[in-house]
2 protein chains.
Amino acid sequence: MIRVVIADDHPLLREGLRRILEFEDGIQVITEVGDGQGAINIARTQKFDVLLMDLNMPRVNGLEACRVIRREHQEIGILVLTVDDSDDKIFQVLQLGVAGYLLKDVEPKTLVESIHKVYSGEPILSPAVTGKLLGQLANPALHKENHGLSDRELEILTYVVKGASNRETGQALFISEKTVKNHLSSIFRKLEVEDRTQAALKAIKLKLVSLD
Amino acid sequence: MIRVVIADDHPLLREGLRRILEFEDGIQVITEVGDGQGAINIARTQKFDVLLMDLNMPRVNGLEACRVIRREHQEIGILVLTVDDSDDKIFQVLQLGVAGYLLKDVEPKTLVESIHKVYSGEPILSPAVTGKLLGQLANPALHKENHGLSDRELEILTYVVKGASNRETGQALFISEKTVKNHLSSIFRKLEVEDRTQAALKAIKLKLVSLD
DNA sequence: CATAATATAGACGTTTAGGTTGAAATGAGG
DNA sequence: CCTCATTTCAACCTAAACGTCTATATTATG
């Protein structure tokens with residue numbers, strides 16, 4: 001028997017979800033709450049398995065509630081169920097280690113399946129969310145837009161990102177420290193930054209070099 | 001009619017796949033190839049929609065073949081179908097912008113569904129792969145292991161990662177430049193680094209601060 | 001209460017970083 | 001052939017960074 005708690009600020013949706021779920025074999029809706037603080041409280045006082053969580057809620061929003069509950073109760077599988085598909089929210093939530101992220105346009109049948117999967121430890125993402133995740137990962141630098149940097153300058157940059165000083169870089173590449181400085185000046189100009197730290201950070205952002 | 005090409009170095013598996021797929025409505029297996037170079041060649045000479053790609057192949061491996069085909073033929077949806085679930089391979093492949101990544105333990109029915117989804121632009125990941133992706137994203141720093149850094153030091157670090165100088169940081173926080181330097185010295189000692197660039201890079205690696 | 005850590009700040013000194021200028025060899029492209 | 005970008009190197013200078021030492025007020029911890 002999978003014990004489920006519903007957290008959503010719309011009574012209508014809560015009621016609808018409850019009716020869908022409570023006639024399913026193996027699923028038992030323990031209770032419903034209408035805000036994030038309620039979700040945190042119920043997690044502290046009752047044992048259950050899966051939490052259906054809306055993100056946009058009053059008092060304590062879903063994101064913050066996820067954070068607290070994840071920290072205090074790792075055994076609860078949080079299945080985010082929301083209309084919100086804005087990129088930044090998605091990544092923030094996924095970083096908390098939730099078990100799944102579904103958009104509210106799911107079929108009831110899919111939702112029920114997903115609850116079972118979350119219970120058995122299988123991760124669940126809506127196709128749209130999977131797409132955003134992959135899109136984030138996909139390296140647009142396949143066409144290697146080097147922002148005007150020469151091969152040598154790129155090589156110097158990799159040493160900067162390793163944390164090497166100009167002297168160390170020069171020794172590693174068998175060139176003088178001054179030459180390293182000159183290359184760096186060109187790099188700064190081309191990347192429109194002022195120092196090596198900014199250059200290293202920008203290089204990582206632009207995926208010119210990888211941060212291993 | 002979805003035109004499919006199979007790339008796998010095992011004749012037995014190729015034949016099995018072909019037999020499964022060719023009796024499906026709406027799916028037509030154009031041809032099969034046994035190595036990465038063959039996959040690249042067929043993409044250059046024939047038009048088709050979905051490429052079933054094994055990763056572990058002779059001559060040109062699947063990863064390299066994916067890279068070339070993605071660059072030359074964005075319209076082909078690559079569905080990776082492999083036994084290989086090692087972490088580094090997965091991320092390398094996903095960064096290339098493939099349409100899906102399935103492990104070879106899928107049910108034939110699921111494979112057929114996945115081909116249709118890839119054709120309609122929907123991303124497909126095996127649950128195990130989704131799990132690895134989420135696991136990668138999930139921030140283990142929820143228990144805020146700050147590596148001994150105080151709140152103030154962490155605050156200073158965020159300015160370093162923004163590319164701010166000591167003077168700018170001091171002005172922003174209404175403290176003297178010297179105090180910023182003192183904090184930085186503590187930060188260097190605690191992070192076991194030697195300068196601000198290394199500190200910024202290590203902070204990002206340790207997820208002490210985010211790179212926005 | 002005493003000790004430790006934190007946050008603040010100054011003095012002093014050394015090292016590194018970065019800008020400016022100039023210069024020379026190489027190779028690619030018009 | 002000439003030009004331009006690249007790569008190499010140097011001298012000179014300023015500013016920034018970093019270390020060491022000292023010092024004080026606050027707060028937390030045992």
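Residue numbering restarts at 1 for every chain, and letters A, B, ... go by the order of the sequence lines. Just so we're clear, the structure is a prediction, and the values are computed from it rather than from any experiment.
- One interatomic measurement links the two molecules: OH of B/Tyr159 to P of D/dA17, which rounds to 16 Å at whole-angstrom precision.
- When distances run from any side-chain atom of A/Ser150 to the nucleotides D/dT6, D/dA17, D/dT8, the shortest one goes to D/dT6.
- A sub-4.0 Å separation between OP1 or OP2 of C/dG18 and a side-chain N or O of A/Ser185 is absent.
- For the 3.5 Å distance criterion, the side chains of B/Lys178 and B/Asn182 qualify, holding a donor opposite an acceptor.
- Atom CD in B/Glu194 sits roughly 15 Å away from atom P in C/dT15 (whole-Å rounding).
- Just one of B/Asn166, B/Thr169, B/Ile156 meets the side-chain contact (heavy atoms from CB on, under 4.5 Å) condition when paired with B/Lys181; it is B/Asn166.
- Note on B/His183: every side-chain N or O is 4.0 Å or more away from OP1 and OP2 of C/dT6.
- Counting to the nearest Å, the P atom of D/dT6 and the CG atom of A/Leu173 are 17 Å from each other.
- Contact between B/Ile78 and B/Cys66 at its shortest, heavy atoms only, is CG2-SG, 3.9 Å.
- Atom P of nucleotide C/dT16 and atom CG of A/Leu184 are separated by 15 Å, given to the nearest angstrom.
- Rounded to a whole Å, the CD atom of A/Glu177 is 12 Å from the C1' atom of D/dA10.
- In this structure, the nucleotide among C/dA17, C/dA7, D/dA16 sitting nearest to the side chain of B/Arg152 is C/dA7.
- Toward the 5' end of DNA chain D, the nearer of the two residues A/Lys178 and A/Ser186, judged by each one's closest nucleotide, is A/Ser186.
- Across all strands shown, B/Ser176 has heavy atoms under 4.0 Å from sugar-phosphate atoms exclusively, and none from any base.
- Contact annotation: B/Thr179 side-chain N/O to C/dA7 OP1/OP2 distance is not under 4.0 Å.
- Nearest-nucleotide positions on DNA chain C for B/Lys181 and B/Ile156 put B/Ile156 closer to the 5' end.
- Closest to the side chain of A/Arg167, out of C/dA17, D/dC9, C/dT16, is C/dT16.
- Contact annotation for B/Asp195: backbone-only contact, meaning every heavy-atom pair under 4.0 Å involves sugar-phosphate atoms and none involves a base.
- For B/Asn182, the side-chain atoms get nearest to C/dT8 when compared with the rest of C/dA17, C/dT8, D/dA17.
- Using modelled atom types, one finds no donor on one side chain facing an acceptor on the other under 3.5 Å when comparing B/Asp84 with B/Thr82.
- Here C/dG18 presents its P atom at 10 Å from CZ of B/Arg196, a figure rounded to the nearest Å.
- When the nucleotides D/dC18, C/dG19, D/dT8 are ranked by their closest atom to the side chain of B/Phe188, D/dC18 comes out on top.
- Rounded to whole Å, the distance from CG on A/Asp151 to C1' on C/dA28 is 14 Å.
- Here the side chain of A/Asn166 is nearest to one of C/dG19, C/dA17, D/dT7, namely C/dA17.
- Distance B/Ile187 CD1 to D/dC18 P: 11 Å, rounded to the nearest Å.
- The environment of B/Gln28 atom CD is dense: over 12 non-hydrogen atoms of other residues, nucleotides or ligands sit within 6.0 angstrom.
- In this structure a side-chain-to-backbone donor-acceptor pair under 3.5 Å is present from B/Glu153 to B/Ser150.
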